[in-house]
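Following: one structure in structure tokens, then a few remarks.
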Number of protein chains: 2
Amino acid sequence: MRGETHAIPERSGTAFWLPKGALLTVIDPKGGQVADLLAYNAVDVREVISSGRTLDYAETISLTTGHHLYSNRSQVMLTIVDDSVGQHDFLLTPCSIDTFHHFYPDLEPHRGCFGNLVEALAPYGIEPDAIPVAFNCFMNVPVGPSGKLEVLPPVSKAGDHICFRAEMDLIIGLTACSAPASNGGTFKPIHYQISDNVD
Amino acid sequence: MRGETHAIPERSGTAFWLPKGALLTVIDPKGGQVADLLAYNAVDVREVISSGRTLDYAETISLTTGHHLYSNRSQVMLTIVDDSVGQHDFLLTPCSIDTFHHFYPDLEPHRGCFGNLVEALAPYGIEPDAIPVAFNCFMNVPVGPSGKLEVLPPVSKAGDHICFRAEMDLIIGLTACSAPASNGGTFKPIHYQISDNVD
């Protein structure tokens with residue numbers, strides 16, 4: 001049974017404790033919105049989600065139901081247990097004010113998911129330099145035959161979701177992404193639910 | 001002018017200081033051998049090479065001459081100034097004893113590039129958890145249309161090289177990769193040269 005629905009307002013982020021066995025469901029309530037997800041071992045935050053370990057063990061960049069997300073210590077942090085979209089990114093680091101200067105020189109820069117995560121994770125003793133590549137839920141980054149990356153609008157529709165099971169006690173960072181290209185040019189909230197049905 | 005040639009014996013690694021403006025040439029002396037490369041800001045080793053920032057700014061996973069390798073603080077650490085191969089990997093984390101257990105359960109496990117880098121970087125105050133995705137010179141990891149990753153033998157021939165210019169004072173970690181699949185099943189040395197022609 002899913003718990004209470006929490007809302008992350010547009011272009012913001014949050015962090016919370018997720019106990020081992022709990023289910024975290026990340027929901028795109030309006031469709032076409034990315035949510036950057038980070039995970040740290042709640043007991044020792046130097047252990048952190050690792051794209052490099054995860055892609056190596058999974059032997060694919062297309063992660064979906066059944067795949068594990070590994071830490072930098074090769075431990076399983078999260079398992080994807082349900083996924084109504086099947087299109088996520090695990091190549092790119094959360095956008096920052098520097099990213100905005102690079103990609104959107106004519107727009108007012110935003111601190112981006114990076115800045116939102118820095119603020120949300122600080123109370124847990126997690127420093128800015130410890131923010132790695134995030135698991136970017138619903139982010140649509142196809143890799144072309146030549147290796148070229150494109151950032152396209154998400155294919156997620158209103159109500160689409162991805163559900164993770166925590167395989168250890170975790171600190172989770174989660175955002176409603178702030179970058180125009182990643183979200184089809186509009187900024188929407190992200191919802192999440194934490195199940196109290198811990199195994 | 002290239003400096004003295006240094007040899008990294010098979011299945012080992014090293015670390016060294018590389019001043020801003022210096023050229024580092026990584027050479028595959030026998031062909032078909034991977035070298036994992038890491039870079040840290042010599043003044044503050046919390047600043048480290050970032051695959052996520054680099055791939056985002058480059059808009060490709062196929063990095064070669066002219067591309068910059070960025071840090072987690074969006075600063076350029078290295079520029080690729082020459083590349084006789086054009087096939088490298090920036091998706092995967094250095095293999096560790098856990099990786100060996102996963103991929104080669106029937107072989108005697110090896111501490112891998114991860115273990116070699118841990119030892120080589122320790123004198124610089126760099127901890128194991130601070131080892132991220134490496135720039136894996138000559139590593140051949142094509143991404144298929146479905147997202148599937150393959151680890152194929154390098155296409156590098158004897159004497160092939162890639163040359164980087166340091167854009168800040170750096171601590172470099174560099175290995176001769178230890179994983180069977182990454183190196184066509186044989187383990188060979190890696191050579192490197194540091195130019196004294198600092199701009």
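Every chain is numbered from 1 and lettered A, B, ... according to where its sequence line falls, protein lines coming before strand lines.
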Practice problem: Could you tell me whether Arg53(A) sits above the aromatic face of Tyr70(A), with NZ or CZ closer than 6.0 angstrom to the six-membered ring centre and within 45 degrees of the axis? | Solution: no
Quiz item: Quick one: of Asp56(B), Leu55(B), Asp129(B), who has the most non-hydrogen atom pairs under 4.5 Å with chain A?
Solution: Asp129(B)
Quiz item: Which atoms of Tyr57(A) come close to chain B, meaning under 4.5 Å heavy atom to heavy atom: side chain ones, backbone ones, both, or neither?
Solution: both
Self-check item: SB check Glu167(A) Arg165(A) (cutoff 4.0 Å)
Solution: yes
Quiz item: With respect to chain A, which residue among Ser96(B), Pro132(B), Ala130(B) yields the maximal number of heavy-atom pairs within a distance under 4.5 Å?
Solution: Ser96(B)
Quiz item: How long is the gap from CG on Leu24(B) to CG on Leu174(B), to the nearest 0.5 Å?
Solution: 6.5 Å
Quiz item: Highest number of heavy-atom pairs under 4.5 Å with chain A: which of Leu63(B), Val48(B), Asn72(B), Ile131(B)?
Solution: Asn72(B)
Practice problem: Determine, for Phe100(B) and Arg111(B), whether the Lys NZ or Arg CZ falls below 6.0 Å from the six-membered ring centre while staying within 45 degrees of the axis. | Solution: no
Quiz item: If you tally heavy-atom pairs under 4.5 Å against chain A, which of Gly144(B), Ser62(B), Ser71(B), Ala134(B) wins?
Solution: Ser62(B)
Exercise. Pick whichever of Leu91(A), Val133(A), Thr54(A), Val143(A) has the most heavy-atom pairs under 4.5 Å with chain B.
Key: Leu91(A)
Quiz item: Given a strict heavy-atom distance threshold of 4.5 Å, which part of Thr99(A) is in contact with chain B: side chain, backbone, both, or neither?
Solution: both
Quiz item: For Pro128(A), is it the side chain, the backbone, both or neither that has a heavy atom under 4.5 Å from a heavy atom of chain B?
Solution: neither
Practice problem: With side chain to side chain donor-acceptor pair (under 3.5 Å) as the test, would you mind laying out the steps for Thr64(A) and Asp83(A) before giving the verdict? | Solution: CA-CA 6 Å; Thr64(A) 186; Asp83(A) 178 10; 2.6 Å; yes
Quiz item: With a 4.0 Å cut-off, would you call Asp44(A) and Arg73(A) a salt bridge?
Solution: yes
Quiz prompt | Under 4.5 Å from any heavy atom of chain A - which part of Pro142(B) | solution = neither
Exercise. Verify whether one side chain among Asn136(B) and His88(B) offers a donor that lies under 3.5 Å from an acceptor in the other.
Key: no
Quiz prompt | Pair Ser156(A)-Asp28(A), side-chain donor/acceptor within less than 3.5 Å | solution = yes
Self-check item: For chain B, the option from Ser146(A), Cys95(A), Gly147(A) that forms the most heavy-atom pairs under 4.5 Å
Solution: Gly147(A)
Quiz prompt | Heavy-atom contact with chain B under 4.5 Å, split by part of Glu127(A) | solution = side chain
